Structures are given as structure tokens and as C-alpha cells.
Amino acid sequence: MNFNLSPEAEDIRLRAEDFFSQEVLPRHREWVQTVCHERKPALFIKEIQDKAKEQGLWNLALPQLAEDEPGTRLTNLEFAPIAEILGRLPWGSMVFNCHAPEVPNMAMLQALATPEQKEKWLWPLLNSETRSSFAMTEPDVASSDATNIATEIREEGDELVLNGRKWFATGGAHPDCSFLIVMGISDPDAGRTGQHSMVIVPIGTPGLTLVRHLRFMGWEDFVAPIGEFELKNVRVPKSNLLGERGQGFKGAQVRLGPARIHHAMRCIGMAEMVLAQMVARAHERRTFGRPIIEYDTVQKWIAEARIDIDLNRLFIHKAAWLLDTSPDSKTWRIVSQVKVSVPRMLQKVTDRAVQLFGAMGGTDDTLIHHAHSYARWFRIGDGPDEVHLRQIFKTEPVPEWTIADCPYIAPGGF
């Protein structure tokens, strides 16, 4: 394994760090005031995006960029340290067009869309001219098992008709969202993983209703607002089928690997941001006549956070390296391991940060609240811990020997 960046990739990382420090972080308070408090679009983001694009810091999270597609092609490993930088702020990735759910949706459109679909739906995303959402999760079934998805897709003449209900569609409630990629059941008599298809449904299609905006444990996603949708006799042309009919379950896997690893990469940036605030707060806050940095418990929290962050960063880099160098069948295990480990780490770090900060740590003033809620969501989103742990267990090899024949056991002891 070689995690060293090439000189070209290191140059991009350094330029992304510099751009973030000079153009993005200084505007954070303005973004919070405009977007979170005034509920208005941050118009200055377009200006910053144009600068990022001019400097070649665009669509950095798409390893399969075609020659005619705008952006700078990086491998997953090369993108990992950049994603960490962008993850320090909730809206950091938007500036570089590297945010969810756009990146995994673009990856899926790259892999499955027809030329006509790419022209109509992919290119506007590549240029940040629109927004999109992936609508899979449903309120009435356990969506951790994607084969439970029950939204109906049936053919009528030259049209597809959709009926069902979707929720936790990330980005679906954004005012600029122009289409959903909807997962539904099209072939109920097929095998368990051959029943589902994916369909592109434009916002504004008759019968498609945004029922409400959703929050998670009091946390609101201002970057990609979460929506709940009702689909009632929604009709779209058959040409809106994404990928092959009955292959929706398989096709969706294209987006899940990158989605999980990118979330994990951003979590490292969040953890670093929270840890830096912990250290500063511990030096400044005094209790019982001395700075709390002098207390053994606080020192232990900070030291353990450093160990946990560095371990998980190496884990992510290994997973990214394998995604770049191995077939998909060789990467699911480690992606699941990362998916379980990283949000647990971030939740642990942020929980201790709240304790260290006191009441301030639980307010919206700090990003600790955002990072903690994000970590807790990530333990459910893109597959709950329990599903991934089950998959990890199933891939654990069984020794060729029994305990009675175990070569490590010697009668009588030693």
C-alpha cells in the first residue's frame, strides 16, 4: 500500500487548503446568517464556485470524469485529504461541486445514463446549474434492506407510472432540486434483487408532492435539505428509466461505495475541526482555580481523540486505495468497516467535546452540534451499523481446523 500523493495531487491538495482558508472559511458566518437564520440563498457561493472552477478545483470527487466533462480527475485516494479539508464546514464541499447527494448521483448517471439522459440531467449537475436527490428510503418499510422498497413502477403505453411514498430524500427539499432518482418495484415476480428499477422524475411532474421538510434529531441539513415525497400516479416517459429495468438494486450500488467513503472522509475533517476547538476551549476555560487542560480526564479525551482520528484516517486511505486498485467485489468489506468505524469515532469525539464545552457545546453557535448529529445520522444513513456488521461477519473466514485440532492449543499447557 502506498498512500503518498503524487506531486500533482499534492499541489492540488495545497491549493485546495489555501483556497478554503482564503475564500471559504472567512465567509462561514455570512453563510450561517444568510442561509440558516434568514432562510435565503447565499448568492456569494456562485462567485466562489467560479473562482474554484477557474483554479482547477472542480468536481474533484469523480474518478471517472470523461475528457469532455468539466473538472479535475482525481483518484479516491487523492481526493481523501481534500475531502477532509472540505468537511470542516457543512457547506465546504459545495464550493468545489463535491457535495452529497450530487457526487454519488453524478457517478450513477455517468455509469448508467443514456447519452440523452446525460445531456439533460448529468451535465447540469457537473456545472452546478441544478440540484438532485436520490429517493429510496420509505416510511412504511425497513429500508435498511433495499429489497423491501415498495413504491410501484408500472408501464402504461409509452409511460411509466409511479405510486408510493419516499422520505429522507437528501437534497429533495432544496429549492433548486430539479429531479429525483426514484427507486421502485417494477418486476414483482422476479428474483429478490431483480424486482427494482430506477426512474428519473422531474420536480413539478403532476402527482409528485413535497409533503414536508425533515430534520434528524433536531438537526436540519441546510446544504441538502431533506424531503418527504408522495408519488400519486406520477407519469414520466419510458426514456426516464435509469439503467436496465429490474437492475435498480444492482445499479444503485454504483453510488453507495463512493457515498459511504466520501461521508467518512468528510467526517475526519469534522473531527479535526472539533478537536481543535476542544484544545482551545480547554486552555481558556477554568474550573476550581485552574485551566481544565490540566485535568487528567481532559488530557485523556484529547489524546484518545488524536489516536482515534489518525487510526480512522489510515483506515479510510486504505479503503480509498483499494477502491482505486481492486474490483468492487474486493472492496465491500473494508467500505463496510469504515462505514461502521468512522461515525462511531466522530460521535465519541463530539460527545466529549460537548462535555468539555459545557452548555455552549450543545448550542447551534458551534459546529459541534452539527458534527454530533451528522455522526449519529451516518450510523443509519447508507445502511445502519447492524447491516454492515452482518456483512463483515459473513466475510470472516472460518479456520480450516477445529478447536480439538487447533495447532495453537497444546495439551498440558506450557
Side-chain angles (χ1 to χ4, degrees), residues 1-4 75-77 80 136-137 141-149 189-196 246-265 267-268 271 300 303-349 351-352 375-414:
M1 291 176 287
N2 182 1
F3 299 158
N4 292 325
T75 66
N76 288 292
L77 180 58
M136 184 184 78
T137 305
V141 300
S143 300
S144 56
D145 178 359
T147 60
N148 284 336
I149 298 305
D189 297 327
R192 181 169 172 269
T193 60
Q195 299 178 1
H196 296 81
Q247 296 297 306
F249 181 80
K250 180 180 179 181
Q253 308 305 309
V254 173
R255 77 185 303 281
L256 289 177
R260 289 163 179 157
I261 198 73
H262 292 162
H263 282 311
M265 292 170 181
C267 283
I268 297 297
K300 174 175 175 287
E304 288 186 346
R306 170 49 56 209
I307 293 171
D308 290 343
I309 292 170
D310 287 353
L311 284 173
N312 278 277
R313 178 185 288 112
L314 286 172
F315 210 173
I316 289 170
H317 284 188
K318 180 181 179 181
W321 177 76
L322 284 172
L323 283 171
D324 292 331
T325 59
S326 305
D328 289 345
S329 60
K330 300 293 184 181
T331 62
W332 287 113
R333 177 184 171 95
I334 193 167
V335 169
S336 287
Q337 289 173 316
V338 166
K339 169 65 176 63
V340 171
S341 179
V342 172
R344 287 184 176 184
M345 174 276 296
L346 181 58
Q347 189 176 356
K348 175 182 173 183
V349 170
D351 185 72
R352 288 177 169 177
R376 192 63 190 87
W377 166 83
F378 192 21
R379 292 186 60 197
I380 298 174
D382 288 339
D385 285 2
E386 292 73 19
V387 170
H388 289 281
L389 288 169
R390 182 169 176 263
Q391 291 300 113
I392 295 166
F393 162 76
K394 289 168 66 175
T395 59
E396 190 64 27
V398 178
E400 296 178 355
W401 34 260
T402 65
I403 288 298
D405 298 324
C406 176
Y408 300 104
I409 297 177
F414 59 92

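Keep in mind it's a predicted model, so treat the numbers as computed, not measured.
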With a 4.5 Å limit on heavy-atom distance, are the side chains of [X] and [Y] in contact?
X: V338; Y: R260; answer: no
X: L77; Y: F3; answer: yes
X: M345; Y: I268; answer: yes
X: P384; Y: V387; answer: yes
X: F249; Y: Q195; answer: no
X: W321; Y: T75; answer: no
X: Q391; Y: Q337; answer: no

Which heavy-atom pair separates [X] from [Y] by the least distance, and what is that distance?
X: T331; Y: L322; answer: CG2-O, 3.5 Å
X: N312; Y: D308; answer: ND2-O, 2.8 Å
X: C267; Y: V342; answer: CB-CG1, 3.5 Å
X: G381; Y: K339; answer: O-CE, 2.9 Å
X: D382; Y: H388; answer: O-NE2, 3.1 Å

Check the pair R192 / D145 against side-chain contact (heavy atoms from CB on, under 4.5 Å), numbers first and verdict last. CA-CA 11 Å; R192 181 169 172 269; D145 178 359; 3.1 Å; yes
Gap separating the [atom1] atom of [X] from the [atom2] atom of [Y], nearest 0.5 angstrom:
X: F315; Y: I334; atom1: CZ; atom2: CD1; answer: 5.0 Å
X: I316; Y: L311; atom1: CD1; atom2: CG; answer: 11.5 Å
X: H196; Y: I149; atom1: NE2; atom2: CD1; answer: 6.0 Å
X: S143; Y: I380; atom1: OG; atom2: CD1; answer: 12.0 Å
X: R333; Y: I392; atom1: CZ; atom2: CD1; answer: 7.0 Å

Going through the checks in order, is the side-chain contact (heavy atoms from CB on, under 4.5 Å) test met by K250 and T193? CA-CA 8 Å; K250 180 180 179 181; T193 60; over 6 Å; no
Does any N or O in the side chain of N76 come within less than 3.5 Å of the main-chain N or O of L323, such that one atom is a donor and the other an acceptor? no
Please check if atom NZ in K348 has more than 12 non-hydrogen atoms from other residues, nucleotides or ligands closer than 6.0 Å. yes
Please determine whether a side-chain nitrogen of the Lys or Arg among E304 and K300 lies less than 4.0 Å from a carboxylate oxygen of the Asp or Glu. yes
Compute whether any side-chain donor of one residue and acceptor of the other, for R379 and Q347, lie under 3.5 angstrom apart. yes
Determine whether M265 and R313 satisfy the following criterion, side-chain contact (heavy atoms from CB on, under 4.5 Å), listing intermediate values before the conclusion. CA-CA 8 Å; M265 292 170 181; R313 178 185 288 112; over 6 Å; no
Would you confirm whether the ring centroid of F378 sits within less than 6.0 angstrom of the ring centroid of H263? yes
